[in-house]
Each structure stands twice: as C-alpha cells, then as structure tokens.
> 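Sharing a structure here in structure tokens format.
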Protein chains: 2
Amino acid sequence: MSEGFTRSTKQRTIIIDLLARLNRFVSAQELHAALRQAGSTIGLSTVYRNLATLTKAGDIDIILREDGEALYRSCSPQHHHHLLCKSCGTTVEITAELVEAWSHDIAHAHGFSDVQHTVEIVGLCRACRS
Amino acid sequence: MSEGFTRSTKQRTIIIDLLARLNRFVSAQELHAALRQAGSTIGLSTVYRNLATLTKAGDIDIILREDGEALYRSCSPQHHHHLLCKSCGTTVEITAELVEAWSHDIAHAHGFSDVQHTVEIVGLCRACRS
DNA sequence: GTAAGTGCAAACGGTTTGCAGCCTC
DNA sequence: GAGGCTGCAAACCGTTTGCACTTAC
C-alpha cells in the first residue's frame with residue numbers, strides 16, 4: 001500500500017519558505033534561479049515536483065501567463081480570486097460572492113452543470129503607477 | 001514603408017472558413033490535422049502565423065487550456081466572455097455588465113488602474129451530460 | 001531497510017524562426 | 001517584379017521523465 005504520503009525534506013522547506021516570503025506570483029524558473037542564487041544546489045525538476053505536490057495539496061495557487069508559462073504563489077485555503085499587478089506581480093486576494101452567484105445562474109440558464117469559473121483582474125497597482 | 005497589410009491567400013481562406021464552421025475552441029495542432037485530413041498541404045507554421053494575424057486583428061478569441069496549450073475560435077467583435085463545455089468544447093458567448101462594473105470597482109477600491117479582466121465559465125453542457 | 005525525494009541529463013510537445021521558393025497585388 | 005506568404009526543418013523553451021543515488025522515516 002503506502003499511499004504516498006509526503007516527507008519533509010530541506011528542499012521542500014526552502015521552497016515553501018521562499019514562496020511564503022514573496023507576496024506575488026513567480027514562475028518555477030524564477031524560483032529555481034532565486035534558490036540557486038541563494039546558494040542552494042536544488043535541481044529544477046525538484047522545484048517542479050514540489051510545486052506540483054503543493055498545488056495538489058491546495059497550498060499554492062497557479063495562474064497561467066499569456067505565453068502559457070505557469071506562475072505560483074502561496075495562498076489562503078478558501079476559494080478566492082486575484083487582483084494582480086501586471087508590473088510587479090503583487091497580488092491581492094479578493095472574494096466575489098456576486099460573481100459566484102452570477103456564474104452559477106448563467107451557466108444553469110444555458111443548461112450547463114458541474115460549473116467552475118476563473119476570474120482574474122489585472123491592472124497597475126498604486127506603487128507601479130507613479 | 002509598406003505597413004504590412006494582409007494579403008488574401010487560399011491558406012488563410014480555408015483557415016477562416018474552418019474556424020467559422022466550428023462553433024468551438026480548437027488548438028492550432030487540431031486545426032492543422034483537420035486541414036491535412038481534408039487534403040490540404042498546409043504547413044503547421046502557416047496555421048500558427050495566420051492564427052496570430054487573426055488574433056491581432058481581433059477576429060478570433062484565444063483561451064489557454066490548463067496545460068498551457070492555446071485554443072482558438074472565431075468570435076463576435078465586441079467584448080464578451082465564454083461559457084465553455086469541458087467535454088465537447090462548445091461555446092456560448094455571454095455578456096456580463098455586472099462583472100464589468102464589479103471588477104472595475106474592486107480594482108479601483110484597491111488603488112489599481114488600467115484594469116483588464118478575464119472571466120471564463122466552464123461546465124458540462126446539456127448534450128454532454130446525458 | 002524501504003520507498004519517497006533528489007539532481008542530472010535527455011526527452012517531450014507546443015510554438016517560433018530562418019530560409020528558399022511561390023504567389024498576390 | 002517587389003515583398004508578403006508558404007512549407008519545411010531546425011531551434012526554442014517550459015516542463016516532464018528515466019535513472020541511479022541519497023535520505024527521511
């Protein structure tokens with residue numbers, strides 16, 4: 001059996017720590033580069049594997065940039081959406097009961113079931129505007 | 001000079017025709033395979049280049065699948081969102097004045113300007129449910 | 001001791017690009 | 001006939017995988 005539980009390794013620890021310190025979305029490559037820069041000998045595949053594990057566990061959020069590259073960020077566990085600065089990547093978590101209800105209603109009105117939705121708002125934050 | 005206007009070629013024509021006939025999102029690879037199947041000798045890069053041109057002109061919509069592959073579909077010119085069937089790819093265009101206003105308000109409330117948003121609703125359509 | 005985790009290098013898959021010839025205007 | 005367009009093949013780049021070694025438990 002042994003349903004593949006998750007071990008604690010120092011690589012996983014430093015990934016989680018760094019993600020927690022950054023309040024923004026970063027790519028796997030960027031994360032890897034930052035860790036190497038900081039002296040770690042961690043491999044790129046280890047970064048990807050841990051990000052996949054953390055995502056599956058619901059500990060981090062993924063969004064896709066327009067070019068298809070994935071960006072990761074540690075997040076709060078409950079359902080939410082993001083307000084993202086296109087310049088610095090800073091993120092504000094927002095809730096949207098209004099949109100939840102609306103998407104549910106409109107889907108059902110068209111005969112759709114098993115509904116999920118994605119909502120992302122991107123703009124320029126106050127700091128980056130000036 | 002010659003600001004690169006767009007010529008009409010038979011490759012571009014068949015791409016536009018096929019996209020118009022399909023009421024759903026398809027990948028570039030899928031489109032290419034379908035055209036080859038239909039007897040065309042069109043190249044994959046031609047498909048990509050034409051899709052890029054059409055996108056820039058605003059004639060087709062792009063969305064990114066979860067794995068990062070891009071999907072394309074001919075669309076109406078005005079701003080709208082999509083209700084997408086995850087099984088067959090059928091798409092319903094929807095408008096969402098409510099969400100437009102909401103996203104604008106919440107962004108400004110957090111000091112963000114120059115706001116854009118993405119909203120996609122995916123589910124299972126009536127035909128695919130049965 | 002066992003099996004999950006790691007690092008490396010090679011493979012993968014979608015997309016982009018360089019180039020020689022073709023075709024629209 | 002000039003310059004955009006095409007098809008092919010090779011390059012690109014983010015991501016995944018095979019494998020032998022290490023390490024948490």
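Keep in mind that the numbers below use all heavy atoms, side chains included, and drop hydrogens, waters and symmetry copies. Within every chain, numbering begins at 1; the chains are lettered A, B, ... in the order of the sequence lines, protein sequences first and strands thereafter.
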> Kindly state each residue pair satisfying salt bridge (Lys or Arg N to Asp or Glu O under 4.0 Å) with at least one member in residues 15-27 of chain B, sequence neighbours excluded.
R24(B)-E30(B)
> It should be established whether T46(B) places a side-chain nitrogen or oxygen under 4.0 Å from OP1 or OP2 of nucleotide dG7(D).
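The answer is yes; a side-chain N or O of T46(B) sits under 4.0 Å from OP1 or OP2.
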> Could you pull out all residues at least two apart from D114(B) that satisfy salt bridge (Lys or Arg N to Asp or Glu O under 4.0 Å)?
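For D114(B), the residues satisfying salt bridge (Lys or Arg N to Asp or Glu O under 4.0 Å) (neighbours in sequence not counted) are K86(A).
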> Just the rounded figure in Å: distance from P of dT23(D) to CZ of R12(A).
16 Å
> For R7(B), check side chain to side chain donor-acceptor pair (under 3.5 Å) against everything at least two apart and list the hits.
none
> Are L18(A) and I14(A) joined in one hydrophobic group, where the rule is that I, L, V, M, F, W and Y side chains link up if heavy atoms are under 4.5 Å apart?
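Both belong to a single hydrophobic cluster.
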> Using side-chain contact (heavy atoms from CB on, under 4.5 Å) as the criterion, list what pairs up with S76(B), not counting sequence neighbours.
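By the side-chain contact (heavy atoms from CB on, under 4.5 Å) rule, S76(B) matches Q78(B), H80(B), E93(B).
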> Between the protein and nucleotides 12-15 of chain C, list the N/O to N/O atom pairs that are separated by less than 3.5 angstrom.
from, atom 1, to, atom 2, distance (Å)
dT15(C), OP1, A70(B), N, 3.1
dT15(C), OP2, Y48(B), OH, 2.2
dT15(C), O5', Y48(B), OH, 3.1

> Distance check needed: dT6(D) P versus L35(B) CG, whole Å only.
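My rounded result for the distance is 12 Å.
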> Show every salt bridge (Lys or Arg N to Asp or Glu O under 4.0 Å) that has at least one partner inside residues 35-50 of chain B, sequence neighbours left out.
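Every pair satisfying salt bridge (Lys or Arg N to Asp or Glu O under 4.0 Å) with a residue in residues 35-50 of chain B: there are none.
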> What is the distance, to the nearest angstrom, from the NE2 atom on H32(A) to the P atom on dT16(D)?
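Rounded to whole Å, this separation is 15 Å.
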> Just jot down the side-chain contact (heavy atoms from CB on, under 4.5 Å) partners of V99(B), sequence neighbours excluded, or say none.
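side-chain contact (heavy atoms from CB on, under 4.5 Å) check on V99(B) returns V99(A), W102(A), A96(B), W102(B), V119(B).
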> Would you mind building the protein contact string for nucleotides 19-25 of chain C? One character per nucleotide, 5' to 3', B for base within reach (heavy atoms under 4.0 Å), S for sugar-phosphate only, - for untouched.
-----BS
> Partners of R12(B) by side chain to side chain donor-acceptor pair (under 3.5 Å), sequence neighbours excluded?
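Here the qualifying residues are N50(B).
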> Does the ring center of H82(A) lie less than 6.0 Å from the ring center of F25(A)?
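Aromatic pair counts; centres sit under 6.0 Å.
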> Between P on dT15(D) and CD on E30(A), what's the gap in Å once rounded to a whole number?
11 Å
> Just to verify, what does H110(B) make a side chain to side chain donor-acceptor pair (under 3.5 Å) with, not counting sequence neighbours?
none
> Test of understanding: with side chain to side chain donor-acceptor pair (under 3.5 Å), list the residues that count as partners of E100(B), not counting sequence neighbours.
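With neighbours one apart ignored, the set is H79(B), H81(B), H117(B).
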> Nearest-Å distance, CG (L64(B)) to C1' (dT15(D))?
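After rounding, the reported distance stands at 15 Å.
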> Does the side chain of Q11(A) get closer than 4.0 angstrom to OP1 or OP2 of dT23(D) through an N or O atom?
no
> Expressed in angstrom and rounded to an integer, what is the separation of N50(A) atom CG from dG7(C) atom C1'?
13 Å
> Which angle, to the nearest 10 degrees, lies between the helix axes at the two ends of the helix from dG1(C)-dC25(D) to dC25(C)-dG1(D), each defined by five pairs?
40°
